[in-house]
**Student:** 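Supplied in structure tokens, the structure appears directly below.
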Amino acid sequence: MCTVGLRDSFQASIPSLVKRLQEEEDPDSQLGIMSTLGKAAEQLELRGAISSAIPFLTNLLMAKNSELRKASVSTLASLAEDADARNTIRDAVLRLFQEPSDKDWHATSTLTSTCATLASHANLRDVASSAIPLLVPLLKHEQSDIRQAAATALGELAEHAELHDKIQGAIPILVDLLQDEKPDVQEATLSSLGKLAEQVQFHEAVQAIIPSLVVLLAHYDADVQLACVRAFTKLADNLKSCVSITNAIPVLAQMLAHEERLIQVDCVSIFAKLAEHAELRGALLVHIPRLIERIKDNDSYVRSAAVSTLAKLAGQEELREGMKTFVSSLMDMLKEQHWRQVAAIATIAEMANYGEYEFRNEIKAAIPSLIALLKDADSDVRSATVSTLSKLATQTQFRNEIRLAIPTFVELLNDQDWHSRAATVCVFVELAQHAELHDLVRQTVPALINLCKDKSSDVRSAAMSTLGKLAENAELREKVHKSVKQAIPAVIDRCYDNNSDVRSAAIIILGKLAENAELQAAIRKSFRQIIDLLRHQSPTVPPAAAGLVCTLSEDPSMRASVKRRLEDIYLLLKDNAPATRAAAAKVVETLMKYPDAQSAILESPIPLTLVERLQDPEVEVLKPLTSIFCFLVNQGQISQGIVQVILDALRALDHADPSIQACGATILLVMAAHARFKDILCEVCAIHGSFRLFMRDASPQDADIILQRMEYFGLLKEL
């Protein structure tokens, strides 16, 4: 909020700013002035001075620079919080619409488009509402750009329920534009009608134009055809009953083979939308063969859309009869060139998700062919096959057939293509979820361990994640612990990987493996390496390593290993890297929870040097150190550096970070709870406060220095 003097000074300058805005011709300079006026308009006290500029600000709604138009609307929205200013804005906007449109048709077109921007501000919505009756005649304007802008604006205004009644009367004129001579106008009209379909109030009116939309599907202009298909998509998305769309289905089916890719993709996709309506499924059934042909299309986008759509159709019971030939087509495609094979493979996986019981026998019959494709020469085919078999393995009915693929999966772990290796690694996560496959999965662990050193970071990451998932499975973990035991050094090596995902996965795996008592001894042998991770250069590794050490500390035998490394951890509290200091402090804080570790902490150098560490500027370091300090105070272990601790805590209270403030307050409160600190606390706080109160020119640091000198010369009697 402006101070009184600054506000008055700025208010006096507003007329000159407005004059400068009116005289300036450079859009960038105008935008800078508008930004200043916009900020000023947010201040209630300054709006009156800016209101005189409303006529010019409304003229800027027709500016060629879009950013300038937005800035003008934003400023007008702030001014419109006042009812009188809102009336002035409304009158100014309506005057603009009433000016002869042939005077400057480009300006009229821009103003029309800006109407929707006005309506996006609640304060200006009634202004937009008042403009709609003047907007409607523009739908018949001789300039096609103005007709197009008016049609587009009505669609955008339909987002606001308050404007629906005004828009309702414009729909018949808008519908007439479907027959406009200009394709751009027709396209804009179709888009707006699609937006109207999103509003329940307009459903009846929109349904009445469906016959006209069917005709436009055969329009000579491809952009109009595409807009028409998308309008039907909006109808299918929003209308409760779509019986009136039935006559469009044969035309849409013919367009599945359209020469324009975007039209093909949208026509394929709309079949999935239409199939959601039970009343249309009978009409769709006879056109499924045409849809099936699209999975053989030369364009990958069309094939992908066809795969997705056909799989969704398979989820509708009334359409499954028409899908029987689809399955046989897929089997034939498995023998064709690789991109058709990939499409067929992906479709089989989707089919298994929809109506799996109806197609169970067909899918089972396809699995041997899929397994054979695991050795295909094309890496895309191999990767797609791995992914599909992995999805099929999630269903019990296919699991026996999938077992036959596991030896080939193991071979693919050494595939030359890293995509295939990565995809195959992930398969074993899914297979490991099923007890009947554990014996087979166990055989892959050595290969997975080798892949932890793969040249591809994606493969290394996948291998580490998979081992982690296997480690989560208690039953499987027991079966493979001998192999995993040998992997622990390799896993620790991956903690130093140059890929952050691999490093994180490795640390997580170590935590999971540490839950197994038989593996703890092996992990304990590598404990120095784990402690070394606390000083890793990557800022993400030390906190993850600290979490691992804290988890290991829950077990008494592992905690003993941590205690033996306490001196190494203490040295890390002085490290230059904040992440390392924070990780070391977190470990010490966790150890304090255990009585057997408390004595080790009290015998370490930590109590004697902690006071110095409390000056750490990093909050993630200071928070655990504060907890450690409070523990030591309660144990009677703090007897030196008391004045410095109090001064540091007082300084923390002035810090901008609330978390650091909380640390300072916590230290002072804990010390105040002990009688031996109360007097010195009172004395230091009183002297420090007096210096700051009566020596206004002195900084808090000056007060600290004086108190430190008083302590040095023995002038603080309570010490």
**Student:** Looking at every non-hydrogen atom in both residues, tell me the closest pair between A306 and L291 and how far apart they are.
**Tutor:**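 So the two residues come closest at CB-O, 4.3 Å.
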**Student:** Grab the two heavy atoms, one from V229 and one from C267, that are nearest each other, plus how far apart they are.
**Tutor:**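 The pair with the smallest heavy-atom distance is CG2-SG, 3.9 Å.
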**Student:** Dump the intermediate steps for side chain to side chain contact (heavy atoms under 4.5 Å, CB included) on M34 and L57, then the final yes or no.
**Tutor:** CA-CA 9 Å; M34 278 300 307; L57 292 176; 3.4 Å; yes
**Student:** For A119, does its backbone N or O pair with a side-chain atom of E156 as donor and acceptor, under 3.5 Å?
**Tutor:**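 A pair under 3.5 Å: no.
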**Student:** Enter the distance from S212:OG to L178:CG here, rounded to the nearest 0.5 Å.
**Tutor:**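 CG of L178 is found 6.0 Å from OG of S212.
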**Student:** Considering only heavy atoms from C-beta outward, does the side chain of R69 approach that of S72 to under 4.5 Å?
**Tutor:**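 Not touching, per the 4.5 Å side-chain cut-off.
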**Student:** Would you say Y301 has more than 12 foreign heavy atoms packed within less than 6.0 Å of its OH?
**Tutor:**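 No - once you tally the heavy atoms of other residues, nucleotides and ligands closer than 6.0 Å, there are 12 at most.
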**Student:** Nearest 0.5 Å please: distance from the CD1 atom of I167 over to the CD1 atom of I132.
**Tutor:**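 These two atoms lie 4.5 Å from each other.
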**Student:** Step by step, would you call Q254 with R290 a side chain to side chain contact (heavy atoms under 4.5 Å, CB included)?
**Tutor:** CA-CA 8 Å; Q254 290 176 358; R290 285 186 174 180; 3.2 Å; yes
**Student:** Using every non-hydrogen atom in the two residues, find where Q168 and A205 come nearest and quote the distance to one decimal.
**Tutor:**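 Nearest pair, atom of Q168 first, then A205: NE2-CB, 4.2 Å.
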**Student:** Between I89 and L118, does a side chain to side chain contact (heavy atoms under 4.5 Å, CB included) hold up when you go through it step by step?
**Tutor:** CA-CA 11 Å; I89 294 168; L118 290 172; 5.9 Å; no
**Student:** Looking at R20, I want to see if its CZ is surrounded by more than 12 non-hydrogen atoms of other residues, nucleotides or ligands under 6.0 Å.
**Tutor:**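 Atom CZ in R20 is not packed in, count stays at 12 or less.
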**Student:** Donor-acceptor pair, S304 side chain versus S300 backbone, under 3.5 Å?
**Tutor:**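 A pair under 3.5 Å: no.
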**Student:** Would you confirm whether E187, through its side chain, and V224, through its main-chain N or O, come within 3.5 Å as a donor-acceptor pair?
**Tutor:**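 Pair absent, no side-chain N/O of E187 close to backbone of V224.
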**Student:** Measuring from atom NE2 of H160 to atom OG of S129, what distance do you get when rounded to the nearest 0.5 angstrom?
**Tutor:**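 Going from the NE2 atom of H160 to the OG atom of S129 covers 11.0 Å.
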**Student:** If you define the side chain from C-beta out and look only at heavy atoms, does anything of S308 sit under 4.5 Å from K312?
**Tutor:**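 S308 vs K312: side chains touch.
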**Student:** To check you understand the geometry: which heavy-atom pair defines the closest contact between T309 and V268, and what is its length?
**Tutor:**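 That would be OG1-O, 3.1 Å.
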**Student:** Give, for atom OG of S51 and atom CG of D84, the distance between the pair rounded to the nearest 0.5 Å.
**Tutor:**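 Those atoms lie 9.0 Å apart.
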**Student:** As a test of understanding, state which of R230, R261, H258 forms a side chain to side chain donor-acceptor pair (under 3.5 Å) with D266.
**Tutor:**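 When R230, R261, H258 are each tested with D266, the side chain to side chain donor-acceptor pair (under 3.5 Å) holds only for R230.
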**Student:** Is the shortest side-chain heavy-atom distance between L60 and T75 below 4.5 Å?
**Tutor:**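 When only atoms from C-beta onward are counted, T75 and L60 do not touch, as no gap falls below 4.5 Å.
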**Student:** Can you see which heavy atom on K140 is nearest to which on R147, and at what distance?
**Tutor:**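 Shortest heavy-atom separation between K140 and R147 comes out as C-CD, 4.2 Å.
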**Student:** Counting C-beta onward and ignoring hydrogens, is there a side-chain heavy-atom pair between L94 and S130 closer than 4.5 Å?
**Tutor:**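 Yes; the side chains approach each other to less than 4.5 Å.
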**Student:** Examine distances only and state if a side-chain atom of D180 and a backbone atom of Q186 form a donor-acceptor pair shorter than 3.5 Å.
**Tutor:**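 Judged by distance alone, no pair lies under 3.5 Å.
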**Student:** How far apart are the C-alpha atoms of D654 and R651, what are their side-chain angles, what is the distance that settles it, and do they pass the side chain to side chain contact (heavy atoms under 4.5 Å, CB included) test?
**Tutor:** CA-CA 5 Å; D654 293 328; R651 193 180 305 116; 5.8 Å; no
**Student:** To the nearest 0.5 Å, how far apart are CD in E260 and CG in L226?
**Tutor:**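 Rounded to the nearest 0.5 Å, the CD-CG separation comes out at 8.5 Å.
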**Student:** State, without any angle test, whether K273 and T233 hold a side-chain donor-acceptor pair at a distance under 3.5 Å.
**Tutor:**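 Not at all, the side chains of K273 and T233 share no donor-acceptor pair under 3.5 Å.
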**Student:** So L76 and L61, do their side chains get closer than 4.5 Å, heavy atoms only?
**Tutor:**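 Result yes, sub-4.5 Å side-chain heavy-atom pair found.
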**Student:** Quick check: do K195 and S191 have side-chain heavy atoms less than 4.5 Å from each other?
**Tutor:**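 Answer yes - side chains close enough.
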**Student:** Can a salt bridge be assigned to the pair E198 and K234 using a cut-off of 4.0 Å between side-chain N and carboxylate O?
**Tutor:**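 Judged by the 4.0 Å cut-off on N to carboxylate O distance, E198 and K234 do form a salt bridge.
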**Student:** When I245 is tested against each of V214, L213, L235 for side chain to side chain contact (heavy atoms under 4.5 Å, CB included), which residue passes?
**Tutor:**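 Going through the options one by one, the only one that passes is L235.
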**Student:** Looking at K70, I want to see if its NZ is surrounded by more than 12 non-hydrogen atoms of other residues, nucleotides or ligands under 6.0 Å.
**Tutor:**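 Atom NZ in K70 is not packed in, count stays at 12 or less.
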**Student:** Between R281 and A275 (side chain of the first, backbone of the second, donor and acceptor by atom type, cut-off under 3.5 Å), is there such a pair?
**Tutor:**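 Yes; judged by distance alone, with no hydrogens or angles, the pair exists.
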**Student:** With side chain to side chain donor-acceptor pair (under 3.5 Å) as the criterion, how do D165 and Q201 come out once you've worked through the C-alpha distance, each side chain's angles and the decisive distance to 0.1 Å?
**Tutor:** CA-CA 9 Å; D165 290 341; Q201 183 173 337; 3.2 Å; yes
**Student:** For the residue pair Q264 / D299, report whether a side-chain donor-acceptor contact shorter than 3.5 Å exists.
**Tutor:**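 Absent: no donor and acceptor within the cut-off.
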**Student:** Closest heavy-atom contact between C242 and E279?
**Tutor:**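 Closest pair (atom of C242, atom of E279, distance): N-OE2, 2.7 Å.
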**Student:** Per the side chain to side chain contact (heavy atoms under 4.5 Å, CB included) rule, which among T88, D91, V93 passes with I54?
**Tutor:**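 Result for side chain to side chain contact (heavy atoms under 4.5 Å, CB included) with I54: T88.
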**Student:** Within the structure provided, determine whether R86 and D126 are in side-chain contact (heavy-atom separation under 4.5 Å).
**Tutor:**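 Side-chain contact under 4.5 Å: yes.
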**Student:** Are side-chain heavy atoms of M62 and T114 found at a separation under 4.5 Å?
**Tutor:**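 When only atoms from C-beta onward are counted, T114 and M62 do not touch, as no gap falls below 4.5 Å.
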**Student:** For the CD atom of E81 and the CG atom of L124, what is their distance to the nearest 0.5 Å?
**Tutor:**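 The distance works out to 10.0 Å.
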